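Step one of this worksheet: look at the structure below.
All figures in this text were calculated on a predicted structure; none of them were measured in a lab. Naming: A, B, ... by sequence-line order, numbering from 1 per chain.
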Amino acid sequence: MSKMSMVQALNNALDMMMAENEKVYCLGEDIGWMGGDFGVTRGLYDKYGSERMRDTPLSESAIIGAAVGSAMVGMRPVAEIMFADFMGVCYDQLVNNAAKVHYMFDGQYKAPIVVRSACGGGFGGGPHHSQMIEGWFMNVPGMVIVAPSTPEDAKGLLIASIEDDNPILFLEHKALYSKKGEVPEGKYITPLRKARIAREGSDVTIVADTWMAHKSLAAAQMLAGEDISAEVIDLRTLRPWDQETVLDSVRKTRRAVVVSESPGTGGLSADVSAVIAEQAFGDLKAAVKRVTALDTPIPFSVKLEKIILPGEEDIIRAAQQVYKHS
Amino acid sequence: MSKMSMVQALNNALDMMMAENEKVYCLGEDIGWMGGDFGVTRGLYDKYGSERMRDTPLSESAIIGAAVGSAMVGMRPVAEIMFADFMGVCYDQLVNNAAKVHYMFDGQYKAPIVVRSACGGGFGGGPHHSQMIEGWFMNVPGMVIVAPSTPEDAKGLLIASIEDDNPILFLEHKALYSKKGEVPEGKYITPLRKARIAREGSDVTIVADTWMAHKSLAAAQMLAGEDISAEVIDLRTLRPWDQETVLDSVRKTRRAVVVSESPGTGGLSADVSAVIAEQAFGDLKAAVKRVTALDTPIPFSVKLEKIILPGEEDIIRAAQQVYKHS
Amino acid sequence: MMDISSELYLKMYCDMLHVRKFEQALEREFKLGNVPGMLHTGIGQEATMVAVAHSLRTTDGLFPDHRSHGLLFLKGTPGERIMAELFGKATGVCSGKGGSLHSADKSVNNFGDNAVEGSFMVTALGVGLGWQMQGSDALVAVMLGDGTAGEGAWHESLNLAAAWKLPVLYCCVNNGYAISTPVGKSHATGDLYKFAAAYDMPSVQVDGNDLLAAYEATQKAVEHIRAGKGPYFIEYMTWRWQGLFMGEFREKEEVRYWKEEHEPIKLAGEDMVQKGIATIELLKKIENEVQEEIERWVTFAKQSPDPDPLKATTNVYIGWEVETR
Amino acid sequence: MMDISSELYLKMYCDMLHVRKFEQALEREFKLGNVPGMLHTGIGQEATMVAVAHSLRTTDGLFPDHRSHGLLFLKGTPGERIMAELFGKATGVCSGKGGSLHSADKSVNNFGDNAVEGSFMVTALGVGLGWQMQGSDALVAVMLGDGTAGEGAWHESLNLAAAWKLPVLYCCVNNGYAISTPVGKSHATGDLYKFAAAYDMPSVQVDGNDLLAAYEATQKAVEHIRAGKGPYFIEYMTWRWQGLFMGEFREKEEVRYWKEEHEPIKLAGEDMVQKGIATIELLKKIENEVQEEIERWVTFAKQSPDPDPLKATTNVYIGWEVETR
Ligand SMILES: Cc1ncc(C[n+]2csc(CCOP(=O)(O)OP(=O)(O)O)c2C)c(N)n1
Ligand SMILES: Cc1ncc(C[n+]2csc(CCOP(=O)(O)OP(=O)(O)O)c2C)c(N)n1
Ligand SMILES: [Mg+2]
Ligand SMILES: [Mg+2]
């Protein structure tokens with residue numbers, strides 16, 4: 001174990017996988033010599049060279065296209081899209097090709113790509129540098145979406161993603177890049193499609209992801225002071241998400257709050273809320289409550305952004321409400 | 001009133017709006033001289049000329065970009081994306097620009113564009129010509145999604161969309177293009193954000209859209225034979241959808257089935273199901289049930305496609321289940 | 001003009017006929033309702049397809065486009081499996097899940113069409129890159145229509161292929177129209193090779209209905225790429241017979257020129273007869289044999305079973321199954 | 001070399017200083033934590049910006065890019081409202097909702113930046129088209145970096161602008177790098193005007209640090225467009241002073257050349273002194289006055305209030321409000 005930031009943990013995972021398997025290579029804008037906009041690939045260029053640490057032009061479609069094509073002939077590309085907001089530009093490549101290659105050719109080809117990208121708001125990045133974009137892909141069969149919230153999981157999930165044979169969007173929250181945590185040495189895997197119970201509790205289940213998992217834990221701490229015992233679940237894989245762990249928890253606590261940094265209309269939070277209400281209908285003591293971003297783009301002003309993004313207090317209030325109204 | 005197909009009704013609406021307002025113009029691939037892949041713009045080129053009926057190259061980003069830019073300087077563009085599946089290529093233009101222009105510049109500009117597109121499956125179009133794509137946009141604030149299911153609504157909704165000041169995706173289901181119905185003469189508006197109660201009933205509410213509204217009506221007919229009285233709601237506007245009409249109905253019937261041609265993970269059906277369960281929790285006698293496409297891309301074989309798309313029998317079975325389990 | 005053996009010439013002629021007869025049979029079956037979905041045929045473009053097919057090795061990659069049915073079997077896949085795929089049958093090369101617009105065959109390095117026009121231009125970069133990194137001398141050919149040149153992926157693909165000297169052969173099939181839109185109307189120029197020339201790669205225009213000229217140009221391109229010199233662009237000038245769903249839309253004289261005067265199969269046949277490589281009787285015999293073979297493929301497709309219902313939900317993800325109803 | 005009046009020369013010099021001082025003040029305030037988000041500055045590219053600004057009318061459109069803060073006020077918006085926007089304040093030109101990367105001002109036809117690089121290249125088509133359809137002779141200028149030339153929208157924009165003869169002025173600011181990536185490494189060619197030349201539009205390369213040369217080239221382009229002859233492409237060769245977040249990354253000699261030898265403000269100043277248009281004292285005086293003005297803008301921005309919380313949810317849709325918490 002050693003203490004490191006999520007950036008370091010991700011770097012460690014990439015380094016390990018590139019050392020182990022020469023089919024693994026990285027491509028993206030400024031990921032080579034510079035080491036990436038957030039430093040995740042720092043040092044790898046010196047170690048693995050320009051062939052395996054490929055600087056690309058600003059061509060997101062070509063980045064994903066090249067990743068998918070090379071994966072179809074046996075490579076294991078790790079592509080970086082600098083900010084997740086830019087995935088709009090290569091959306092077709094992800095949705096109509098990467099996600100469908102395996103199915104439409106009935107299993108002949110596969111597209112084991114990992115697309116790393118920095119997501120999320122809270123730093124005044126404005127409307128095109130702050131979005132959570134899992135909602136863009138939730139309704140897309142064939143796609144897998146992974147989003148770590150701790151350095152330990154970041155390393156384990158990235159290794160698992162590179163080894164997995166499906167196309168994976170790997171979302172790294174900017175607010176968590178420099179947050180430190182204990183990370184095991186050596187190679188290990190954090191399983192995909194398996195949520196993490198970040199905190200056990202008995203009165204209400206809070207389902208969250210990435211940054212919001214942290215806010216939810218803080219909220220749970222406060223709730224404990226009011227004798228509300230909250231169980232916090234960090235989804236880790238957002239599509240397909242771990243229904244079993246969530247439903248088991250809700251059947252125990254009989255109350256659920258779903259927290260998401262994305263807008264409340266459509267998207268992940270709606271899916272989680274719907275599945276809970278559909279599958280655990282008889283067990284629920286109160287309606288599921290969602291705590292999400294407001295239905296707006298993300299404003300530049302940090303003050304305004306704070307208003308539209310969900311906060312700790314919003315989670316606390318929601319948990320209190322489901323607890324008291326039942 | 002006169003009986004016409006949805007294609008004719010849409011054509012009629014475009015004709016009327018172009019005659020009335022010279023700022024209205026159309027652009028897209030083969031929409032001019034040829035009259036569009038499905039004939040929706042037929043005859044308009046002869047009437048309004050090549051300036052206002054603009055054939056474009058295969059450049060979906062440029063089509064949406066040109067639409068948005070011209071809307072920002074006062075035009076009222078009606079763009080056509082030949083098949084909705086191709087919106088992946090211009091996704092960035094829609095999501096990061098059209099949907100955000102008004103907000104990010106704090107109201108200075110607006111982007112009153114209508115993007116017409118043929119959607120939906122059932123004809124062996126394969127993975128890139130058959131998708132319902134509202135799920136790609138459900139989590140995108142600023143976007144409006146409209147989808148008619150009758151010729152009458154097609155005309156009224158298209159007129160309303162052209163007159164509306166927001167960016168609108170106007171989804172036309174291929175299975176309904178040639179279906180005929182009574183259409184009022186002259187100009188009229190079918191209100192946006194207002195669902196249609198396609199059939200009244202008292203035992204279960206079936207919420208559906210476009211093609212599925214027809215399948216739901218057929219299912220309701222069958223259910224009536226078993227003394228289950230189904231109310232069928234055709235959403236018409238899919239984002240933001242009409243919560244009031246749906247919730248009023250569910251509070252009355254106390255049971256809900258949500259039908260969607262899109263995959264069940266994420267997307268519109270999840271949002272509708274979640275909101276019903278959250279808002280009408282105390283009124284529900286049974287868990288909401290969803291009838292959706294399976295979580296797969298769309299296969300070419302018509303036989304396989306039939307398996308993955310939701311059918312009338314699936315809707316009947318779901319309604320029977322929520323009715324009996326309560 | 002290139003010198004090729006009589007044997008090769010005859011083989012290529014025979015292959016052009018395969019393409020022609022395949023498409024004609026397909027049109028017939030489509031009208032009878034036996035072929036689902038949409039249909040785009042490559043009639044008129046046979047010389048271009050055969051020139052490309054004969055320049056590629058099995059180990060080379062191919063991204064066919066929506067008019068490339070002929071290339072699908074010319075690349076090496078048994079024709080009946082292509083026909084069956086277009087009929088949506090279990091015996092099809094993708095078990096009926098891909099159809100006309102998505103018929104891939106990994107065993108011969110056919111990467112399948114992507115029905116979002118232009119999109120696979122960037123996928124091809126990856127295939128070339130992967131092979132380059134693996135030290136292979138294989139190249140990848142991409143078929144693309146003139147209309148497809150409107151897509152942004154065009155630029156990203158040409159730019160990166162040139163910057164990274166990737167082994168990509170761009171086969172631009174300029175048949176004059178994108179659906180109803182003339183190439184010169186929708187683009188800054190109707191001579192598309194001029195676009196590509198800006199990307200620091202050889203870019204040529206060739207008569208796509210002149211089999212030997214098309215073959216020679218393609219051979220030269222393949223040599224260049226195989227030598228590690230990077231991508232190459234060829235614009236094949238040709239014409240598609242297929243009109244619009246409402247019928248023929250082009251000028252009478254234009255139609256006559258392409259269908260009667262500058263028709264690739266007729267031109268090659270006449271040339272062979274003139275050169276003494278074949279007699280009219282031999283050509284007729286070949287044609288009959290090809291016709292019979294194609295009908296066998298059709299029969300195979302027709303008699304093949306529909307896909308197993310289980311196929312509907314298999315191969316979405318690797319490692320787990322999606323829910324069924 | 002073009003002949004311009006002393007008055008204009010001095011005005012342009014003064015404007016270059018405004019850009020420089022604005023950016024320097026911004027950098028200082030950014031380091032102090034007063035400016036949220038990210039910061040890209042246009043220091044070193046002042047001549048290019050001033051050349052463009054002085055060629056546009058208020059009725060002409062502008063799509064500024066991420067280094068165009070200077071252009072935002074040169075287009076006519078009061079500088080303090082631009083500064084305030086970058087500070088995220090209520091008095092900003094977009095009420096603090098847009099910030100550095102999205103500062104539009106409809107009143108002067110500034111259409112705002114789109115932080116998805118390249119994307120507004122197609123939006124600009126629409127502005128040009130709309131005006132063309134409305135019979136206006138206004139044109140629209142698009143600022144774009146060399147890196148941005150990698151995006152597919154580049155191709156779709158140039159192609160359609162040429163095909164439709166739209167009044168678009170492409171101002172490509174080639175400063176040698178996209179973040180850390182040299183222009184020649186990521187593109188098929190480092191001379192980007194060569195790309196555009198393939199699109200049947202005039203395309204030229206000019207020294208972007210030579211104010212008069214840049215101005216002359218831009219004037220010529222504007223004339224061409226205004227005459228209804230369609231789009232025009234200019235590649236301004238320049239250099240950005242801003243390095244990477246970890247510091248300077250370019251060769252010492254390269255840095256020296258651009259910062260000391262081929263520095264746009266110094267070059268213009270020396271030229272004016274030599275020509276007797278200005279004295280060193282006058283130039284110093286101008287500089288001091290500009291500095292004072294910029295500081296007034298900073299003070300205005302600092303003292304401005306944060307946006308009204310209601311702004312968070314207004315102007316999402318037109319015609320209805322979204323829910324608040
Ligand atoms: C992205 C995208 N836009 C539009 C279409 C619809 N479409 C299919 S073929 C075609 C015309 C293509 O023209 P061209 O590339 O010249 O090929 P041709 O059919 O002439 O061989 C169009 C517009 C599509 N499949 N994908
Ligand atoms: C679509 C997209 N990709 C990547 C980025 C991240 N990014 C912002 S500026 C930049 C470099 C742009 O280089 P250039 O166009 O040369 O402009 P410069 O900064 O040199 O003025 C990059 C990669 C972005 N904003 N949008
Ligand atoms: Mg064509
Ligand atoms: Mg640059």
Inset, instruction - Could you tell me which portion of A:Glu60 (side chain, backbone, both or neither) has an atom closer than 4.5 angstrom to a non-hydrogen atom of chain D? - result: both

Legend entry - Part of A:Ser50 within contact of chain D (heavy atom distance under 4.5 Å): neither

Legend entry - Contact class of D:Lys89 relative to chain A, heavy atoms under 4.5 angstrom: neither

Inset, instruction - Measure the spacing between CE of A:Met82 and CD of A:Glu29 and express it to the nearest 0.5 Å. - result: 5.0 Å

Inset, instruction - On the 0 to 90° scale, with breaks at 30° and 60°, tag the D:Tyr177-D:Phe249 ring pair as parallel, tilted or perpendicular. - result: perpendicular

Inset, instruction - With a 4.5 Å cut-off on heavy-atom pairs, point out which of A:Asp55, A:Val89, A:Asp314 contacts chain D the most. - result: A:Asp314

Inset, instruction - Select, from D:Thr181, D:Asn315, D:Thr313, the one with the greatest count of heavy-atom pairs under 4.5 Å involving chain A. - result: D:Thr181

Legend entry - Engaged part of D:Ile179 at the chain A interface, taking heavy atoms whose separation is under 4.5 Å: both

Inset, instruction - Mind ranking A:Gly39, A:Pro57, A:Gly264, A:Pro299 by heavy-atom pairs under 4.5 Å with chain D and telling me who comes out on top? - result: A:Pro57

Inset, instruction - Determine whether D:Ile234 and D:Cys171 make a side-chain contact, defined as any pair of heavy atoms from C-beta on separated by less than 4.5 Å. - result: no

Inset, instruction - Supply the atom-to-atom distance A:Arg54 CZ to A:Tyr25 OH, rounded to the nearest 0.5 angstrom. - result: 7.5 Å

Inset, instruction - Measure distances from A:Met87 to the heavy atoms of chain D and classify the residue's part below 4.5 Å as side chain, backbone, both or neither. - result: neither

Inset, instruction - Could you tell me the separation between the CG atom of A:Leu176 and the CE atom of A:Met6, rounded to the nearest 0.5 Å? - result: 4.5 Å

Inset, instruction - Consider only side-chain N and O atoms of A:Asn96 and A:Tyr91, and report whether a donor and an acceptor are under 3.5 Å apart. - result: no

Legend entry - Flag for D:Thr91-D:Ser304: side-chain donor and acceptor within less than 3.5 Å: yes

Inset, instruction - Would you check if there is a donor-acceptor pair between the side chains of D:Asn114 and A:His128 at a distance under 3.5 Å? - result: yes

Legend entry - Interface residue of largest heavy-atom contact number with chain A, from D:Pro307, D:Ala153, D:Ala90, under 4.5 Å: D:Pro307

Legend entry - Leading residue by heavy atom contact count with chain D [cutoff under 4.5 Å; candidates A:Asp295, A:Thr56, A:Asp85]: A:Asp295

Legend entry - Engaged part of D:Val116 at the chain A interface, taking heavy atoms whose separation is under 4.5 Å: both

Inset, instruction - Decide yes or no for A:Met18 and A:Cys26: does some side-chain heavy atom of the first lie under 4.5 Å from some side-chain heavy atom of the second? - result: yes

Inset, instruction - Just give me the residue among D:Gly150, D:Ser100, D:Ser119 that pairs up with chain A most often, heavy atom to heavy atom, under 4.5 Å. - result: D:Gly150

Legend entry - Heavy-atom pairs under 4.5 Å with chain A, option from D:Gly37, D:Gly99, D:Ser180, D:Pro309 with the top count: D:Ser180

Legend entry - Residue part contacting chain D, namely of A:Arg42, when any heavy atom lies under 4.5 Å: side chain

Legend entry - Winner by heavy-atom pair count (cut-off under 4.5 Å) against chain D, out of A:Pro127, A:Gly88, A:Ser130, A:Ser61: A:Pro127

Legend entry - chain D contact via A:Leu309 - which portion, at a heavy-atom distance below 4.5 Å: backbone

Legend entry - Residue pair D:Asn175 / D:Thr238, side-chain donor-acceptor N/O under 3.5 Å: no

Legend entry - A:Phe83 and A:His129 aromatic ring geometry - parallel, tilted or perpendicular at 30°/60° bounds: perpendicular

Inset, instruction - Please determine, among D:Gly118, D:Gly96, D:Cys94, the option with the most heavy-atom pairs under 4.5 Å with chain A. - result: D:Gly96

Inset, instruction - Between chain D and each of A:Ser301, A:Ala62, A:Pro297, count heavy-atom pairs under 4.5 Å; write down the option with the most. - result: A:Ser301

Inset, instruction - Answer with yes or no whether the side chains of D:Trp241 and D:Glu23 bring together a donor and an acceptor at under 3.5 Å. - result: no

Inset, instruction - Kindly determine whether D:Glu29 and D:Lys302 satisfy salt bridge (charged side-chain N to carboxylate O under 4.0 Å, His left out), including the steps that lead there. - result: CA-CA 10 Å; D:Glu29 296 299 321; D:Lys302 274 189 184 163; 3.3 Å; yes

Inset, instruction - Tell me, out of A:Gly125, A:Gly124, A:Gly126, who's got the most heavy-atom pairs with chain D below 4.5 Å. - result: A:Gly124

Inset, instruction - Check each atom of D:Glu323 against the heavy atoms of chain A and say whether the ones under 4.5 Å are side chain, backbone, both or neither. - result: backbone

Legend entry - Portion of D:Leu39 that has a non-hydrogen atom of chain A nearer than 4.5 angstrom: neither

Legend entry - Which of D:Lys185, D:Lys311, D:His102 touches chain A most, by non-hydrogen pairs under 4.5 Å: D:His102

